[in-house]
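Here's the structure we're looking at; comments come further down.
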Amino acid sequence: MSEAREDGPPKKSREDYRKQKELDEARKSGLEPAEQDEFGVDINPHIPQYIKDSPWYLQMEGPTLTHQRIQPETVKSFDDVSKLYQKGLTNKVATKFRKGACTNCGAITHKKIDCLEKPRKIGAKWTGRDFAPDEHIPEMPKLDFEGKRDRWIGYDTATHDELLDEFAKVEKVKQQLKAESLNNNERIRQETESKSDSDAEDDEYKYTEQANMPGTKFDNKKRQTVRNLRIREDTAKYLLNLDTNSAHYDPKSRSMRDNPLKDLAHKKPSELSFSGENFVRSTGQVKEIAKLQLFAWDAAERGSNVHLQAEPTKAALLHKEYSKRKDEFKNEVSNSIVEKYGGKEHLKAPPRELLLSTTEEYVEYSRTGKIIKGQERVVPKSKYQEDVYVNGHTSVYGSYFKSGTWGYKCCGALQKQAYCTGAASRTGADAPQAAAEPEPTNQVDRSRPLIEIHQEKMVESRKQKKQKAQEDRENPQAREERLKKVLAQLDAKEAAEKAEGLDERKRKYNSMIEDKGPTEEEMEAWKLRKHMASDPMANYSDEKR
C-alpha cells in the first residue's frame with residue numbers, strides 16, 4: 001500500500017486545496033479561462049471532479065479527458081462487406097495421389113466424408129487417375145453483426161451484368177420475331193383483300209354469332225345474356241290467361257314454360273300466338289341443332305376447326321360421319337363380344353305382346369278373382385319334364401307308396417333306378433297302392449278356439465312327462481334297460497352303416513324311413529355318444545369296457 005501511495009499523485013495541502021476551489025468557482029462563473037487538455041481543447045468547468053481526474057495508474061500529466069474516451073486499442077476492426085474473396089475450383093489438378101487427399105476424387109482440400117462427387121466404385125486413391133481439381137479455400141473476412149447476416153456477401157456484380165446482357169439479347173430476338181409476324185400479317189391482309197366479293201360475304205357470315213340479338217345484350221365470351229325490356233307491341237305472357245291456376249310465370253327471367261292456352265283445345269299449339277317456351281324448344285329441328293352445337297363445341301375443344309354458325313354444312317357433314325363411325329364401332333364391339341362369348345339368340349327380343357303379356361282376348365273378373373267372361377287362364381306346367389317313363393315302366397316314380405318310401409305303381413319297385421318287372425311280380429300284400437294323402441289322425445273341433453285346444457294338448461303332454469318321470473324314479477332299472485337297448489341299437493346301426501360304407505353326412509334328403517321324433521332314451525343315448533372336442537378325456541379308451 002505504501003508503494004501505491006508513493007506512485008500516486010502528491011497530496012495537496014489545505015492552502016492548495018482552497019486555492020484550487022476558488023479557481024474552479026471563478027472558471028464556472030466565467031472570470032477565469034477554462035482549462036485545456038493536451039490537444040488544446042477547452043474542458044468544461046462544470047464537469048465533476050471525479051470524472052475530470054484520471055486514475056493514478058494511467059500516470060497522466062496535466063488536465064485531460066482522454067481516459068473518458070474510447071481507446072483505439074480496444075476498438076474492434078472489421079472488413080468491408082464489399083470485399084471479394086476467391087471461391088470455386090482452381091486450375092491445379094494432381095497427377096498422383098497425395099497423402100491426406102480425398103480417397104474418392106483425389107482433391108487435397110477436403111476429406112472423403114465431405115466429398116460432393118458421386119461415390120466411385122474404385123476411388124482415385126487406387127485407380128491413380130481422374131483426379132478432381134482442388135478448391136479455393138478462401139480466408140473468410142472478419143465481419144460485424146450485420147456483415148455476418150448479409151446474404152450478398154462476396155457476390156460479384158459482374159455476374160449480374162452478364163445476366164442483364166443475356167436478357168437484352170432475348171429481348172432483341174423477341175423484337176425481331178414480332179417484326180417478322182407483323183410483316184407476315186400485312187402480307188396475308190393484302191392477299192385477302194385481293195379475293196372476290198363472295199369470299200368477303202362469307203367472312204361477314206363468319207362473325208354473325210358475335211352480333212347482338214334484338215332485345216338482348218349477349219356477351220359471347222362470358223356466355224351470359226342480359227335481357228332488356230320486352231317489345232311494347234307484344235302482349236305480356238302473364239296477360240294471356242288470367243286464371244291463377246294456369247301456367248306459372250317467372251317474373252325474374254320473364255319465362256313461362258307451360259302452355260297458358262290449354263283451354264283452347266280446338267286449336268293446335270302451332271296455331272296459337274304463344275304455346276309455352278317448352279313447345280318451341282321441342283319442335284322442329286331444335287333438338288338436331290342442339291346436338292350439332294354440342295358436337296361443334298366438343299370438336300373445337302379437341303382442336304378441330306369446326307364452327308356451326310360459320311360453316312354449318314361442314315359441321316353437319318362431320319357430325320353425320322361421326323355418328324356413322326360411332327354406330328359402326330358399337331356394332332363392331334357388340335359383334336366381337338358375341339363371337340367371343342356367344343349368346344346371340346338371347347339378343348333377339350320377343351314380340352311386344354309377349355313382353356307385356358298383352359293379348360286381344362277379353363277376360364272379365366269378379367271381385368273375388370273368379371272369371372266371369374272369357375277363357376280361363378291355362379295353368380302353367382312345371383319346369384321339369386312330365387310323363388316321362390324310364391327303364392320300361394308304365395308309371396312315373398312316386399305313383400306308389402309303401403312303408404314311408406315312394407316307388408313305381410306298375411311293378412312296385414321302390415328303387416328309382418330299378419327296371420320294371422311287371423305287375424305279375426307282385427301278389428297279395430305287395431299289391432300296388434295308389435298314392436294318397438294320409439288322413440289326419442287328430443280331428444280338430446271347429447267349434448272351439450284353437451288356443452284352448454293347444455292349451456289342453458300342452459297340459460296333457462306335461463302330465464305324460466311327469467308320469468313317465470315318476471315311473472323312472474320308482475323303477476330306475478327299467479329306464480337303464482331301455483337306455484342299454486337304445487345304445488345296442490345304435491351300435492348295430494353304426495356297424496351296419498360302416499359295413500355298407502354309408503356316411504350319415506352324405507345321406508339323401510328324403511332317405512329317413514321313420515318321420516317321428518326321437519324319444520327321450522334316444523336323445524340321452526345320443527348325448528352319451530356325442531364327441532366333445534374340449535373334453536381332455538375324449539380320446540381315452542377303456543379296454544375293459
Side-chain angles (χ1 to χ4, degrees), residues 397-409 412-418 426-545:
Y397 180 77
S399 59
Y400 176 59
F401 184 80
K402 181 182 179 182
S403 302
T405 308
W406 296 99
Y408 293 96
K409 183 179 179 181
L414 301 180
Q415 295 294 333
K416 189 173 183 180
Q417 302 299 334
R426 297 183 296 105
T427 56
D430 293 337
Q433 301 176 3
E437 296 181 0
E439 295 182 0
T441 56
N442 298 328
Q443 296 293 336
V444 181
D445 190 0
R446 300 293 183 181
S447 61
R448 298 171 58 193
L450 294 176
I451 186 65
E452 294 182 2
I453 299 173
H454 178 67
Q455 289 176 355
E456 288 181 1
K457 288 183 179 180
M458 294 296 292
V459 171
E460 185 176 355
S461 63
R462 291 195 195 99
K463 286 181 179 180
Q464 292 178 0
K465 288 181 180 180
K466 287 181 180 180
Q467 185 178 359
K468 192 171 183 180
Q470 183 68 20
E471 292 177 358
D472 292 341
R473 284 193 296 271
E474 293 177 356
N475 190 5
Q477 295 179 357
R479 183 174 178 277
E480 291 180 358
E481 290 178 358
R482 291 198 303 271
L483 184 58
K484 289 180 180 180
K485 186 178 180 180
V486 173
L487 289 171
Q489 292 177 359
L490 289 175
D491 292 338
K493 185 178 179 182
E494 290 178 359
E497 291 179 352
K498 189 174 182 181
E500 296 179 1
L502 299 177
D503 190 358
E504 177 68 18
R505 295 171 296 180
K506 297 182 180 180
R507 67 178 181 85
K508 295 185 178 180
Y509 183 73
N510 292 324
S511 62
M512 299 296 291
I513 298 175
E514 297 180 358
D515 56 349
K516 62 181 180 178
T519 60
E520 293 184 3
E521 290 78 8
E522 292 177 350
M523 288 297 296
E524 188 172 357
W526 177 78
K527 290 177 181 178
L528 290 174
R529 293 294 185 86
K530 184 180 179 182
H531 180 72
M532 300 294 291
S534 60
D535 187 4
M537 302 295 292
N539 297 327
Y540 175 75
S541 61
D542 191 358
E543 296 178 357
K544 295 181 180 180
R545 189 185 64 178

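Keep in mind that the numbers below use all heavy atoms, side chains included, and drop hydrogens, waters and symmetry copies.
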Report task. Heavy atoms only: give me the nearest Val486-Ala525 pair and the separation to one decimal. Result -> CG1-CB, 3.8 Å
**Report entry** Point-to-point distance, once rounded to the nearest 0.5 Å, from CG of Leu487 to CD of Glu524
**Finding:** 8.5 Å
Query raised in the report: Taking atom types as modelled, is there a side-chain donor on Glu474 or Gln470 under 3.5 Å from an acceptor on the other?
Result: yes
Report task. Inspect the surroundings of NZ in Lys468 and state if more than 12 heavy atoms from other residues, nucleotides or ligands are less than 6.0 Å away. Result -> yes
Query raised in the report: Roughly how far, to the nearest 0.5 Å, is CE of Met458 from CD of Glu460?
Result: 11.5 Å
**Report entry** Minimal non-hydrogen separation, Trp406 against Tyr397, with atom names
**Finding:** O-OH, 3.2 Å
Report summary line: Value for CD (Glu456) from CD (Glu452), rounded to nearest 0.5 Å, stands at 7.0 Å
Query raised in the report: Say you draw a straight line from CZ of Arg482 to CD of Glu480; how long is it, rounded to the nearest 0.5 Å?
Result: 10.5 Å
Requested in this report: Mark yes when over 12 heavy atoms from residues, nucleotides or ligands other than Gln489 sit less than 6.0 Å from its CD; otherwise mark no.
Outcome: yes
